[in-house]
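Inspection log for the structure reproduced underneath, given as C-alpha cells.
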Amino acid sequence: MLLDFMSEREAAHRPVWAGSLVLAALAPCPGVRARVMGDIWHGVDARRVAAGRAAVILDDPELRREIAARLPFERYGPARAAFGA
C-alpha cells in the first residue's frame, strides 16, 4: 500500500516523504527493490539518501552493485555516507 501511495502522489506531482522508501524496505513487497534501484540515481538528494538506507536494510547484491556504480558520480556527502562510502 505504501508503494502505491508513493506512486499515486508522484503521478499527481505531489511530494513524497523521502523516508517512505526506508519504511517500505522494512516490510518489503514486490516493487520495493526496483524502487530503491531507481532512487539510487534520483535527482533529489534526500531520495538518494533514503535509497541508500533502504538498500542497507534490503541487503541485496544487485543493489550493492548499483550503489558501487553510482558512487563515483555522487557528490552529496549524506548520500555517499548512506551508500557506505
Side-chain angles (χ1 to χ4, degrees):
M1 283 176 50
L2 181 56
L3 286 181
D4 290 341
F5 174 72
M6 292 167 65
S7 296
E8 207 173 278
R9 297 223 15 117
E10 289 173 340
H13 301 286
R14 293 188 179 129
V16 175
W17 178 60
S20 300
L21 193 56
V22 176
L23 288 176
L26 291 171
C29 64
V32 171
R33 190 174 65 78
R35 181 79 180 221
V36 172
M37 184 78 71
D39 278 8
I40 287 170
W41 293 93
H42 201 280
V44 175
D45 295 338
R47 295 276 295 270
R48 292 193 313 279
V49 171
R53 291 179 181 156
V56 168
I57 293 167
L58 293 173
D59 193 30
D60 181 273
E62 192 173 342
L63 290 174
R64 285 193 295 270
R65 284 192 295 274
E66 197 67 25
I67 287 172
R70 171 69 182 153
L71 269 174
F73 305 102
E74 185 58 64
R75 301 290 177 244
Y76 186 58
R80 290 185 63 79
F83 291 158

_salt bridge (charged side-chain N to carboxylate O under 4.0 Å, His left out) against Arg80, all qualifying residues, sequence neighbours excluded_ = none

*Asp4: salt bridge (charged side-chain N to carboxylate O under 4.0 Å, His left out) partners, not counting sequence neighbours*: none

*List for me each residue that meets side-chain hydrogen bond (donor to acceptor under 3.5 Å, both in side chains) alongside Arg35, sequence neighbours excluded, and say none if there are none.*
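Per chain and number, Arg35 pairs via side-chain hydrogen bond (donor to acceptor under 3.5 Å, both in side chains) with Ser7, Glu10.
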
_Qualifying residues under side-chain hydrogen bond (donor to acceptor under 3.5 Å, both in side chains), relative to Asp60, sequence neighbours excluded_ = none

Quick one: do [X] and [Y] end up in the same hydrophobic cluster if we chain Ile, Leu, Val, Met, Phe, Trp and Tyr together by side-chain heavy atoms under 4.5 Å apart?
X	Y	result
Tyr76	Val36	no
Phe73	Ile40	yes
Leu26	Val56	no
Leu2	Leu21	yes
Val32	Ile57	yes

Please, which pairs that meet side chain to side chain donor-acceptor pair (under 3.5 Å) have at least one residue in [range], sequence neighbours excluded?
range	result
residues 11-29	none
residues 25-34	Arg33-Glu62
residues 64-73	Trp41-Glu66, Asp59-Arg64, Arg70-Glu74

Can you list everything that forms a side chain to side chain contact (heavy atoms under 4.5 Å, CB included) with [X]? Sequence neighbours excluded, please.
X	value
Arg53	Val22, Val49, Ala82
Pro72	none
Arg75	none

*asked:* Please report the interatomic distance CZ(Arg48) to CG(Asp39), rounded to the nearest 0.5 Å.
replied: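 If we round to the nearest 0.5 Å, Arg48:CZ and Asp39:CG are 10.0 Å apart.
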
*Leu58 versus Pro28, closest heavy-atom pair with distance*: CD2-CB, 3.8 Å

